[in-house]
Protein chains: 2
Amino acid sequence: MIASRGLAGLKTRDLAREIGCANGAVYNLVADVDELVLRVGSRTLRRLDETLSAAETAEHSPQQMLVRIAIAYCDFAAENLELWRAMFEHRMEADKALPDWSVDDQLQLFRHIYKPLAALFPERGTEELGITARSLFSAVHGMVALGLEQRLVAVPLPALRKEIAGLVRAMIDGLIRASELAASPD
Amino acid sequence: MIASRGLAGLKTRDLAREIGCANGAVYNLVADVDELVLRVGSRTLRRLDETLSAAETAEHSPQQMLVRIAIAYCDFAAENLELWRAMFEHRMEADKALPDWSVDDQLQLFRHIYKPLAALFPERGTEELGITARSLFSAVHGMVALGLEQRLVAVPLPALRKEIAGLVRAMIDGLIRASELAASPD
DNA sequence: AAATTTATTGAACGATGTTCAAGTTCGTTG
DNA sequence: CAACGAACTTGAACATCGTTCAATAAATTT
């Protein structure tokens with residue numbers, strides 16, 4: 001239902017009708033709609049993980065790998081727009097904590113970026129690489145999120161992919177140069 | 001009310017009580033809560049615009065300028081967290097179009113990025129610069145959005161600022177290098 | 001076959017955005 | 001000043017949600 005009607009289009013009564021039970025019975029399967037959304041998000045994240053893994057098969061330089069991953073992320077978001085959006089649009093009450101399995105799911109994603117980064121910057125520590133990975137992911141995510149947003153200027157997907165590829169390459173080049181300058185300041 | 005309790009904490013009845021009128025009277029001021037949120041967003045955007053303009057006063061290189069703008073954006077988001085979030089969390093029904101004044105407000109933002117970019121890449125056309133500006137903004141926005149998100153790892157603000165500065169510098173350096181290589185391929 | 005546990009139902013509750021008929025206020029005009 | 005009308009205000013009512021729960025049905029165990 002999220003995939004077809006968006007997160008806002010997910011209603012317990014409609015859902016109950018679709019799976020053939022009373023609306024109250026939904027609460028035998030999940031405690032909340034929050035949990036329901038998180039469980040759908042978990043599946044989506046797993047599919048995203050598989051997609052990114054598939055993009056890593058061929059042997060490429062770390063730079064090319066990172067570009068390929070970013071493009072794969074963009075494509076996945078475009079092809080699974082509502083499911084992907086639901087993961088980021090969903091907000092829980094401030095006092096309710098994310099379940100551990102949901103946090104784990106999310107952290108798994110950074111693995112994909114971490115590996116090529118570690119190859120590019122062997123002198124950096126685990127902590128530092130983790131931060132860089134998160135920054136890189138966030139930047140690409142931002143481009144995809146605003147790029148796929150319809151409400152301002154709609155960007156055609158091919159243009160968006162080109163933009164992302166260009167900026168990821170630029171970011172990595174820039175990071176490498178900064179790293180070199182820091183190592184041997186002439 | 002958005003500033004103190006977040007977008008989800010905005011209720012017409014509470015609002016009516018706070019401004020001292022019946023809940024129905026709210027609809028004399030705005031047609032919707034949608035319009036209400038957009039009007040608040042408009043004010044927020046205007047304050048953001050002023051903040052970014054203030055960051056541009058001193059004379060700096062275009063690179064430094066872009067870094068300063070990104071940091072100013074980050075700081076504004078941190079200091080106006082709920083108001084800033086409300087602008088991006090808010091979703092309208094798919095069929096309802098954004099009013100023109102709201103679209104204008106949003107497009108104004110790119111001005112700040114466009115100017116330094118035009119100085120850096122004088123050979124690029126208006127269209128191309130606009131796309132680059134949007135990409136750069138989206139990337140920084142992504143870093144700020146995920147960085148200020150509490151639900152995964154909470155990043156301390158100083159660390160986030162440093163990350164943003166580093167990645168913006170890297171992006172610009174990378175873009176310049178790519179531009180140079182395209183101009184004189186050796 | 002009876003008893004006990006488990007699952008299901010659908011009515012009911014509370015919150016929320018929105019509407020609207022009725023009432024009120026206030027400026028304009030005769 | 002009185003009477004009219006426009007504009008505003010009110011708060012009850014409606015529809016739509018998520019969620020709960022007592023009653024009922026089904027399944028499992030004894």
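Just so we're on the same page: letters track the sequence lines, and every chain starts at 1. No experiment lies behind these values; they were computed from the predicted model shown.
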Do you see a donor-acceptor pair shorter than 3.5 Å between the side chains of B/His141 and B/Tyr73? yes
Separation of atom CD in B/Glu35 from atom P in C/dT18, rounded to whole Å: 11 Å
Whole Å only: how far is the NZ atom of A/Lys11 from the P atom of D/dA15? 16 Å
Taking atom P of C/dT8 as reference, at what distance in whole Å does atom CG of A/Leu15 sit? 14 Å
Is a donor from one side chain sitting under 3.5 angstrom from an acceptor on the other, for B/Thr132 and A/Glu163? no
Take atom CG of A/Asp32 and atom P of D/dC17, then tell me their distance rounded to the nearest Å. 18 Å
From CG of B/Asp14 across to P of C/dG14 the rounded distance in Å is 17 Å
Rounded to the nearest angstrom, tell me the gap between atom CZ in A/Arg13 and atom C1' in C/dA12. 10 Å
Do A/Gln64 side-chain atoms and A/Ser61 backbone N/O form a donor-acceptor pair below 3.5 Å? yes
Could you state the atom-to-atom distance from CG of B/Asn28 to P of D/dA7 in whole Å? 12 Å
What's B/Asn23 touching, base or sugar-phosphate or nothing? Going by heavy atoms closer than 4.0 Å. base
Pair A/Arg46, A/Ser42: side-chain N/O donor-acceptor within cut-off below 3.5 Å: yes
Does the side chain of B/Ser179 come under 3.5 Å of the side chain of B/Glu123 through a donor N or O and an acceptor N or O? yes
How would you label the contact of B/Leu10 with the nucleic acid (heavy atoms, under 4.0 Å): base, sugar-phosphate, or nothing? sugar-phosphate
Report the nucleotide, chosen from D/dT20, C/dG17, D/dC17, that has the shortest atom-to-atom distance to any side-chain atom of A/Tyr27. D/dT20
Kindly point out which of D/dT19, C/dT9, C/dG17 is positioned nearest to the side chain of A/Ala22? C/dT9
Think B/Thr12 has a side-chain N or O under 4.0 angstrom from the OP1 or OP2 of C/dT16? no
With respect to the side chain of A/Ala25, which nucleotide from C/dG10, C/dT8, D/dT9 is positioned closest? C/dT8
Roughly, in whole Å, what's the span from CZ in A/Arg17 to C1' in C/dT8? 17 Å
